[in-house]
Amino acid sequence: MTSESFRKPVRKAVFPVAGQGTRFLPATKAIPKEMLPIIDRPLIQYAVDEAREAGIEEFIFVTGRGKTSIVEHFDTAYELEATMTERGKSLKPLEDSRMAPGSLLTVRQQVPLGLGHAVWCARAFVGNEPFAIFLPDELMVGAPGCMKQMVDAYDKVGGNLVSVLEVPHEEVSSYGVINPGARDGALTEVKGLVEKPKVDEAPSNLIVSGRYILQPEVMDLLATQDRGAGNEIQLTDAMAKLIGKQPFHAVTFGGRRFDCGSKVGFVEATLALALERPDMADEVRAIAKKLLG
Ligand code: G1P
C-alpha cells in the first residue's frame, strides 16, 4: 500500500459506551455513566461536540443494556421543542444536542470483553475507512479540541495516531503507554505500545489518553486478538501490531484533560468548567472561596 492510502479523510467515529459504570454506583444504577452531567451537558455530549469540531460526520455508539438514553439524548424532542417555543425560550440547548438525520448509528457489545472487543463490534459501520475513537470518560478541553488537533496532524502524516499526555511514573500501570521515538513538536513517533505495564517495565510515562485515529486494518487484527491485560481484548495490543507496517504517531494534546472515570476527576472537571462559564463563573468563584474558608 502507498502512504496515500493511509490518508483518507476521517469521517467516522466510534464511541465505546457499553461500560457499566460501577465506580459511580448508585448514580449509574438506572442511568448510563455517560449521561452524568458536567454542569448542564452530559459527559457524552462533550465528546460528541469535540468530534463534530473535528469534522466527524458519522457517530457510531457501541452500547449495551440500559444505555438507550444516550441515543435518546441525541434525538429530536418534539414535545420539548413545542414547550420551549410556546414559552418563548431558546431552542439552542435542544438543537445543540440533536444529531443530523442518519448520522447516529448504534451497535451492541453483548459481552464485556474489553475495549478492543467493543471497537471491533463497530466493524461493519467502519468499513474500509480510517476512523476516530473517543473514550468519553476522558474529557479533553482545548481550543482547538483534542481530535481537531489530531486530525490536523493526520493531514500531515496520515496513518495511525493516539493522543498522549505525561503522568507521574507511578500511575502508568492504569493506562496504555507508548515507547516514544523521534519527536517533532507535538508529534512523536510511536515505536511500541503496551497496555497497563508494571511501573518498572513501562517504556515511558506518556499515556494514551482516550483519543485515536486508526486505519481500518486494525479491525482484522482485533478479530483474532488474544486476551491481554485484565484478561480483556485490548485495543492497545492490536494497535501495537500496526507499528512498522503503517505510520504510527502520538500527538501531545495542547489542552487540559480531566479523568471523568474517577469521582475526583469528575468534580474537578465540573468546578473547572463552571469557573470558565460566563453565566456562572463569578458566583461559583465566590462560593468556592467561601467553602474553602
Ligand atoms: C483504556 C485503554 C488505555 C487508555 C485508557 C485511557 O483503559 O485501554 O490504553 O490509556 O483507556 O483512559 P481503561 O481506562 O478502559 O482501563
Side-chain angles (χ1 to χ4, degrees), residues 13-24 28 32-34 36 43-44 46-47 50 62-64 67 109 111-122 132-141 146-147 150 160-180 188 190-199 201-214 218 221-222 225-243 248-253 255-266 268-269:
V14 175
F15 299 78
V17 291
Q20 290 181 303
T22 51
R23 281 201 260 176
F24 282 84
T28 49
K33 171 178 70 173
E34 296 78 6
L36 298 179
L43 193 50
I44 184 69
Y46 290 88
E50 184 191 328
V62 182
T63 70
K67 295 283 181 154
Q109 182 189 22
V111 277
L113 292 180
L115 177 60
H117 178 259
V119 170
W120 177 76
C121 287
I133 303 171
F134 291 76
L135 308 189
D137 271 359
E138 300 277 356
L139 175 54
M140 309 295 259
V141 178
C146 184
M147 187 53 69
M150 292 175 73
N160 302 275
L161 291 151
V162 289
S163 66
V164 291
L165 52 90
E166 272 186 61
V167 297
H169 232 290
E170 56 280 10
E171 289 176 19
V172 290
S173 48
S174 302
Y175 299 100
V177 179
I178 69 159
N179 179 7
T188 305
V190 176
K191 293 201 300 187
L193 278 161
V194 45
E195 181 67 18
K196 300 189 173 65
K198 292 195 183 120
V199 171
E201 288 170 12
S204 74
N205 65 340
L206 287 171
I207 63 135
V208 178
S209 65
R211 300 291 184 273
Y212 311 75
I213 293 175
L214 298 176
V218 76
L221 297 168
L222 283 170
Q225 182 59 52
D226 291 332
R227 290 174 188 235
N231 199 31
E232 293 187 336
I233 298 172
Q234 295 292 353
L235 178 62
T236 302
D237 295 340
M239 293 193 303
K241 294 178 183 162
L242 290 171
I243 299 169
F248 212 122
H249 293 87
V251 178
T252 302
F253 171 49
R256 285 170 303 155
R257 167 252 189 178
F258 300 97
D259 173 14
C260 293
S262 87
K263 288 177 232 186
V264 171
F266 207 94
E268 184 192 0

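Note that ligands are numbered from 1 as they come in the structure, with each ligand's atoms numbered from 1 the same way.
- For ligand 1, the atoms closer than 4.0 angstrom to any heavy atom of Glu138 are 6 (C), 12 (O).
- With sequence neighbours left out, the salt bridge (charged side-chain N to carboxylate O under 4.0 Å, His left out) criterion links Arg256 to Glu276.
- Residue Arg257 has no N or O atom closer than 3.5 Å to an N or O atom of ligand 1.
- At distances below 3.5 Å, at least one donor-acceptor pair connects side-chain atoms of Gln234 with backbone N or O atoms of Ala229.
- Taking the side chain as every heavy atom from C-beta outward, Gln20 and Pro112 never approach each other to under 4.5 Å.
- In this structure the side chain of Tyr175 never reaches within 4.5 angstrom of the side chain of Lys196, judged on heavy atoms.
- Put simply, the side chain of Ser204 gets close to the backbone of Ile178: a donor and an acceptor are under 3.5 Å apart.
- Heavy-atom contacts from other residues, nucleotides or ligands closer than 6.0 Å to CZ of Arg23 number 12 or fewer.
- The shortest N or O to N or O distance between Gly176 and ligand 1 is below 3.5 Å.
- For atom 14 (O) of ligand 1, no protein heavy-atom neighbour is found at a distance under 4.0 Å.
- Closest protein heavy atom to atom 8 (O) of ligand 1: Glu195 OE2, 2.8 Å.
- Using a 4.0 Å heavy-atom cutoff, Thr236 is listed among the residues neighbouring ligand 1.
- The closest donor-acceptor contact from the side chain of Lys67 to the backbone of Gly19 lies under 3.5 Å.
- Between the side chain of Asn205 and the backbone N or O of Val167 there is at least one donor-acceptor pair closer than 3.5 Å.
- Inclusion of Tyr175 in the set of residues having an N or O under 3.5 Å from an N or O of ligand 1 is not warranted.
- Of the possible polar contacts, one joining the Gln109 side chain to the Gly114 backbone as a donor-acceptor pair under 3.5 Å is found.
- With a heavy-atom cut-off of 4.0 Å, Leu135 touches ligand 1 through its side chain alone.
- Close N/O approach between Ser174 and ligand 1 is not found [any backbone or side-chain N/O within under 3.5 Å].
- The closest approach between any non-hydrogen atom of Ile207 and ligand 1 is not below 4.0 Å.
- Distances below 4.0 Å separate heavy atoms of Lys196 from the following atoms of ligand 1: 7 (O), 13 (P), 16 (O).
- Contact atoms of ligand 1 toward Gln234: 8 (O) (distance under 4.0 Å to a heavy atom of the residue).
- In terms of protein heavy-atom proximity, atom 5 (C) of ligand 1 is closest to Val208 O, 4.0 Å.
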